[in-house]
*Asks:* 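Below is a structure I'd like to ask you about.
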Amino acid sequence: MEHFDVIVVGAGFGGIYATYRYREQGFNVHCIDSAADVGGVWYHNRYPGARCDVRSIDYSYSFSPELQREWRWSERFSAQPEILEYANHVVDRFGLRPLISLCTRMDKAQWREEAKQWQLETNTGRDIRCQYLVLATGPLSYPHTPDFPGLESFGGECYQTSRWPHEPVDFTGKRVAVVGTGSSGIQSIPVIAEQCVHLTVFQRTPNFSLPSRNGPLSDEEFEPIRQIYEEYRTEMRNNHAGQFMPDAGRSKPAAEYTPEEQQAVLEYGWERGGIGVGGAFSDSLTNQDTNDIIAEFIRSKIRSIVVDPRVADILCPTDHPVSTKRPCVDTGYYETFNRDNVELVDVRQDPIATITPDGMRTQNRHFKFDIIVLATGFDAFTGPMKAIDLLNGAGEHIMDRWQNGPRTYLGIMTSGFPNLFQVTGPGSPSILANCIIAAEDDVDWIGRCIAWLNEHGYNRIEATKQAEDEWVAHVAQVADYTLYPKANSWYMGANIPGKPRIFLSYVGGLQNYRAIAVSKAEAGYEGFEIA
Ligand code: NAP
């Protein structure tokens with residue numbers, strides 16, 4: 001039997017930082033991950049074109065001034081290999097590798113009330129006990145594979161973007177299908193199209209995608225930030241998205257601009273690149289009329305890029321407001337549909353009926369493929385919980401508590417599950433913000449909480465049912481103030497058949513969330529039962 005103060009599950013960006021931070025605090029900490037190396041989502045999502053859609057100088061750790069001054073990103077939006085290299089660099093630079101057990105999956109965890117500890121079972125047969133269990137399993141880590149009839153009968157190669165093989169996939173001379181046009185599809189489609197002989201894209205819902213304007217990160221751009229990185233980080237932390245937003249606080253409701261000024265604001269955002277256009281006005285996500293102006297602007301861009309008006313029409317989103325599904329950031333996505341070797345199929349008009357040994361049959365047609373790529377997304381937040389036998393002291397599975405949707409207090413704890421913390425859990429800003437900064441905040445909060453418990457001679461903490469109920473209601477109330485609930489998005493759990501429809505993240509902003517979480521801690525962990 002092995003005993004630790006803290007077990008961290010997941011060696012992605014949240015788990016790496018948690019392991020570092022809790023070791024620095026003097027805890028006996030260990031991290032486990034089922035993958036063969038560190039990096040979490042960036043270890044698995046190695047599909048062609050995978051890259052960050054938040055600027056890398058923002059999407060990187062802020063906890064070490066030395067680290068952030070030393071590391072030099074090569075591009076504005078770095079590609080997956082460089083992000084994975086960075087994760088490995090951090091692990092080695094801070095000597096964390098001995099504290100991480102790879103290829104180790106937590107199959108079961110149960111709270112033992114008499115011992116006030118969690119008991120873990122792993123696929124490697126280890127019997128691990130810990131006082132505090134920290135889940136850094138990632139909001140977007142559990143793949144969603146649609147239940148297409150005949151999928152197992154396919155005789156060619158089939159890949160999922162979220163579980164991409166480590167060996168190179170050769171598309172040369174191949175007829176390829178990509179199913180799904182979320183961020184993963186939109187990033188991989190232009191790259192695959194350049195390599196294969198023919199690509200068929202199966203689109204169910206068109207997405208709003210914005211050009212990244214990616215390119216090399218020049219010294220002129222980076223050096224001034226490197227000089228003031230700490231101040232830059234402070235500014236980043238103090239807005240709702242946890243990333244540098246030069247226009248934050250300066251934008252106004254669309255109605256306060258003339259139509260010409262509105263177009264100029266949008267053109268500026270489009271040319272600058274990244275997700276800025278989606279939030280160009282202060283009421284972009286709360287006022288349907290404002291959102292319609294942005295949506296029409298993006299649709300006009302799609303029509304100006306895509307030569308075939310019929311294809312442009314299929315690519316134009318009309319069923320959800322801009323940014324209520326995660327906006328995509330692309331490099332040459334719409335231009336790809338002008339290529340002779342690319343075809344777009346609207347599966348709302350012609351649904352996928354079955355996968356066949358040599359391809360795919362839709363209601364109206366039969367396609368022959370050598371390779372099928374499923375870019376069909378994730379079971380966000382709850383997927384990893386379903387995969388673990390996560391039981392409280394009474395033997396109740398956490399998913400039984402979450403039958404009507406995930407329930408947390410501050411996104412960090414669930415009532416009935418003492419000493420179990422989540423990093424970027426449901427009900428936290430996580431996926432609506434810069435996830436690395438959000439994870440650092442959560443890890444720090446949890447670290448301070450455990451230190452406080454130790455200092456005061458406590459060994460058990462649990463969210464109260466009342467605090468949890470109030471937080472769940474608050475998260476829903478804030479979301480209802482926005483346009484987000486109008487979309488059938490993974491934010492709403494709508495991408496998974498049968499998943500309860502509730503908004504999974506906290507829309508109130510990273511800085512507001514941090515202020516609330518810190519105030520609860522400073523009030524002696526208000527909303528928690530301490531023993
Ligand atoms: P996603 O946004 O959920 O997209 C999945 C796509 O698959 C959607 O187009 C969906 O259509 C389609 N789909 C699912 N089931 C289908 C079915 N049965 N038939 C036909 N189409 C089906 O997943 P994702 O692209 O992996 O992205 C998920 C999130 O991960 C992103 O929103 C982002 O937060 C993150 N991500 C980030 C990056 C980055 O930073 N660079 C890259 C990739 C992903 P519907 O829309 O109709 O459901």
Side-chain angles (χ1 to χ4, degrees), residues 13 40-42 44-56 58-59 75-80 82-83 138-149 151 160-164 177-189 191 200-210 212 214 241 243 274-275 278 315 317 319-320 323-331 333 344-355 360 362-363 372-381 383 424 430-436 438 487-497 499 504-505:
F13 277 99
V41 75
W42 295 105
H44 293 291
N45 285 249
R46 47 181 74 216
Y47 57 84
R51 67 175 66 247
C52 186
D53 60 8
V54 172
R55 290 200 317 165
S56 293
D58 295 9
Y59 189 82
E75 292 178 277
R76 282 193 202 112
F77 297 91
S78 293
Q80 174 271 338
E82 195 173 10
I83 301 172
L140 292 161
S141 57
Y142 194 82
H144 165 54
T145 313
D147 195 10
F148 292 126
L151 185 57
Q160 192 136 8
T161 45
S162 51
R163 286 289 179 273
W164 200 259
V178 174
V179 182
T181 52
S183 299
S184 306
I186 280 176
Q187 287 186 336
S188 56
I189 284 163
V191 184
T200 311
V201 175
F202 291 87
Q203 173 194 276
R204 189 165 66 183
T205 311
N207 254 311
F208 292 98
S209 189
L210 302 162
S212 67
N214 187 32
Q243 46 187 298
I275 57 170
L315 287 167
D319 77 338
H320 62 278
S323 299
T324 55
K325 285 186 145 197
R326 164 89 180 191
C328 304
V329 175
D330 71 89
T331 302
Y333 176 64
L344 179 65
V345 174
D346 178 357
V347 302
R348 287 204 195 276
Q349 295 300 321
D350 189 11
I352 296 170
T354 180
I355 309 291
M360 196 185 290
T362 59
Q363 194 173 287
I372 295 177
V373 174
L374 299 176
T376 46
F378 300 86
D379 185 348
F381 290 107
T424 59
S430 56
I431 42 94
L432 293 174
N434 177 348
C435 238
I436 294 190
N488 287 319
S489 63
W490 61 258
Y491 292 153
M492 293 292 297
N495 63 328
I496 305 296
K499 192 165 172 172
L504 292 167
S505 192

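Read the numbers this way: they start at 1 and go in the same order the structure lists the ligands and their atoms.
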*Asks:* Which of these, Q160, K325, R204, R348, has its nearest heavy atom closest to atom 22 (C) of ligand 1?
*Replies:* R204

*Asks:* Under a heavy-atom criterion of less than 4.0 Å, does F202 contact ligand 1?
*Replies:* no

*Asks:* Below 3.5 angstrom, do we get any N/O pair linking N207 and ligand 1?
*Replies:* no

*Asks:* Heavy-atom distance under 4.5 Å between the side chains of W164 and Y47, does that happen here?
*Replies:* yes

*Asks:* Assess Q203 for proximity to ligand 1: is some non-hydrogen atom of it under 4.0 Å away?
*Replies:* no

*Asks:* Do N214 and E75 have side-chain N/O donor and acceptor atoms under 3.5 Å apart?
*Replies:* yes

*Asks:* I'd like to check which ligand 1 atoms, numbered from 1 as shown, lie under 4.0 Å from a non-hydrogen atom of G180.
*Replies:* 6 (C), 7 (O), 9 (O), 12 (C)

*Asks:* Is a donor on one side and an acceptor on the other found under 3.5 Å between the side chain of N434 and the backbone of D58?
*Replies:* yes

*Asks:* Using a strict 4.0 Å cut-off to heavy atoms of Y47, name the atoms of ligand 1 that fall inside it.
*Replies:* 42 (C), 43 (C)

*Asks:* May I ask you to decide if H320's main-chain N or O and T324's side chain share a donor-acceptor pair within less than 3.5 Å?
*Replies:* no

*Asks:* Report, in ascending order of atom number, the atoms of ligand 1 lying under 4.0 Å from any heavy atom of T205.
*Replies:* 45 (P), 46 (O), 47 (O)

*Asks:* Testing the basics here: between T376 and H144, what is the closest heavy-atom pair and its distance to 0.1 Å?
*Replies:* OG1-O, 2.8 Å

*Asks:* Provide the number and element of each atom of ligand 1 under 4.0 Å from a heavy atom of T181.
*Replies:* 6 (C), 8 (C), 9 (O)

*Asks:* Where's the contact between S184 and ligand 1, heavy-atom distance under 4.0 Å: side chain, backbone, both or neither?
*Replies:* both

*Asks:* Kindly determine whether T181 and N207 satisfy side chain to side chain donor-acceptor pair (under 3.5 Å), including the steps that lead there.
*Replies:* CA-CA 7 Å; T181 52; N207 254 311; 4.8 Å; no

*Asks:* For atom 28 (C) of ligand 1, what's the nearest protein heavy atom and its distance?
*Replies:* W490 NE1, 3.7 Å

*Asks:* Using side chain to side chain donor-acceptor pair (under 3.5 Å), reason through R348 and T205 one step at a time and then give a plain yes or no.
*Replies:* CA-CA 8 Å; R348 287 204 195 276; T205 311; 2.5 Å; yes

*Asks:* Name the option, out of G377, A375, G182, that contains the heavy atom nearest to atom 7 (O) of ligand 1.
*Replies:* A375

*Asks:* Record the part of D53 in heavy-atom contact with ligand 1 below 4.0 Å; permitted values are side chain, backbone, both and neither.
*Replies:* both

*Asks:* Any idea which atoms of ligand 1 are less than 4.0 Å away from a heavy-atom of L140?
*Replies:* 29 (C), 30 (O), 34 (O), 35 (C)

*Asks:* For F202 and T362: C-alpha separation, side-chain torsions, deciding distance, then whether side-chain contact (heavy atoms from CB on, under 4.5 Å) applies.
*Replies:* CA-CA 10 Å; F202 291 87; T362 59; 3.9 Å; yes

*Asks:* Is it the side chain (CB and beyond), the backbone, both or neither of C52 that lies under 4.0 Å from ligand 1, heavy atoms counted?
*Replies:* backbone

*Asks:* Heavy-atom contact check, 4.0 Å cutoff: does Y59 meet ligand 1?
*Replies:* no

*Asks:* Below 4.0 Å, non-hydrogen atoms only: which portion of Q187 touches ligand 1? Side chain, backbone, both or neither.
*Replies:* side chain

*Asks:* Taking 4.0 angstrom as the limit and counting only heavy atoms of R51, give me the atoms of ligand 1 inside it, by number and element.
*Replies:* 39 (C), 40 (O), 41 (N)

*Asks:* Is the shortest N/O to N/O distance between S183 and ligand 1 below 3.5 Å?
*Replies:* yes

*Asks:* Given side chains that start at C-beta, do those of C328 and F208 come closer than 4.5 Å, heavy atoms only?
*Replies:* no

*Asks:* Check whether any side-chain heavy atom of W490 sits under 4.5 Å from a side-chain heavy atom of I431, and report yes or no.
*Replies:* yes

*Asks:* Test side chain to side chain donor-acceptor pair (under 3.5 Å) on S78 and S56 and set out the steps.
*Replies:* CA-CA 6 Å; S78 293; S56 293; 2.9 Å; yes

*Asks:* Check S162 against ligand 1 and report side chain, backbone, both or neither, counting heavy atoms closer than 4.0 Å.
*Replies:* neither

*Asks:* Please list, in number order, the atoms of ligand 1 under 4.0 Å from a heavy atom of F148.
*Replies:* 17 (C), 18 (N), 19 (N)

*Asks:* Can you confirm whether F148 sits close enough to L374 that some side-chain heavy atom of one is under 4.5 Å from a side-chain heavy atom of the other?
*Replies:* yes

